Amino acid sequence: MYLVSKLPERLIELRTQRNLKQRDLAEFLGIALRSWQRYEAGEREPTVDQLMELARFFGVSLDYMVGLTDDPTPPPRASSSERDS
């Protein structure tokens, strides 16, 4: 079960906004079409790595994807010098 139940809704929303088919995203992730369909139906959860790939692909934050926020804007990326501090 999802920690936050908005993920299936957000996956459908993001996919349809870009006029993508379920098959397109299944191929992008290298998974079976049925696996993607289960993600959208809330029957299965993508891995954290898959969620990160999807967030980058769609240009949204992970928090938005899972429903922790309604703001899709990803946080600014820290430069390597900021991370080393």
Side-chain angles (χ1 to χ4, degrees):
M1 186 163 148
Y2 290 104
L3 296 174
V4 181
S5 62
K6 283 205 171 208
L7 180 61
E9 176 186 325
R10 294 279 162 88
L11 292 175
I12 294 167
E13 171 191 318
L14 291 166
R15 177 179 60 78
T16 57
Q17 283 176 350
R18 288 160 181 79
N19 296 315
L20 296 169
K21 296 182 183 336
Q22 290 177 328
R23 182 173 308 284
D24 297 328
L25 289 167
E27 288 175 4
F28 172 74
L29 291 177
I31 60 173
L33 172 60
R34 185 66 188 128
S35 293
W36 179 266
Q37 291 168 334
R38 287 182 175 134
Y39 296 164
E40 286 192 2
E43 298 169 2
R44 247 182 105 182
E45 299 175 0
T47 66
V48 172
D49 288 339
Q50 289 171 327
L51 284 173
M52 290 170 46
E53 282 185 65
L54 290 166
R56 280 192 290 269
F57 177 80
F58 288 120
V60 299
S61 70
L62 286 172
D63 285 351
Y64 176 76
M65 288 190 65
V66 299
L68 294 175
T69 181
D70 289 329
D71 179 6
T73 310
R77 295 186 107 170
S79 68
S80 60
S81 61
E82 289 174 346
R83 284 190 300 252
D84 295 338
S85 304

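Quantities reported herein were computed from a predicted structural model and do not represent experimental measurements.
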Heavy-atom count around Arg34 CZ within 6.0 Å, excluding the residue itself: above 12? yes
Apply side-chain contact (heavy atoms from CB on, under 4.5 Å) to the pair Leu14 and Phe57, showing each step before the final yes or no. CA-CA 10 Å; Leu14 291 166; Phe57 177 80; over 6 Å; no
Value rounded to 0.5 Å, distance of OG1 in Thr16 from CD1 in Ile12: 8.0 Å
Please find the pair of heavy atoms, one from Ala26 and one from Leu33, that lie closest to each other, and give the distance. CB-CA, 3.8 Å
Applying side-chain contact (heavy atoms from CB on, under 4.5 Å), run through Leu25 and Tyr39 and close with a yes or a no. CA-CA 11 Å; Leu25 289 167; Tyr39 296 164; over 6 Å; no
Do Met65 and Leu51 make a side-chain contact, defined as non-hydrogen atoms from C-beta onward lying under 4.5 Å apart? yes
State, with a plain yes or no, whether a side-chain heavy atom of Leu20 is found less than 4.5 Å away from one of Phe58. yes
Of all heavy-atom pairs linking Ala55 and Ser61, the shortest is CB-C, 4.4 Å
Using the test side-chain hydrogen bond (donor to acceptor under 3.5 Å, both in side chains), find all partners of Thr73 that sit at least two apart in sequence or belong to another chain. Asp71
Salt-bridge contact Glu45-Arg38 (side-chain N to carboxylate O under 4.0 Å): no
Charged N-O contact under 4.0 Å between Lys6 and Asp63: no
Interatomic spacing from CG in Leu54 to CG in Leu62 - rounded to 0.5 Å: 9.5 Å
Hey, what do you get for CD (Glu40) to CD (Glu9), rounding to the nearest 0.5 Å? 11.5 Å
Can you tell me how far CD of Gln50 sits from OG of Ser35, rounded to the nearest 0.5 angstrom? 8.0 Å
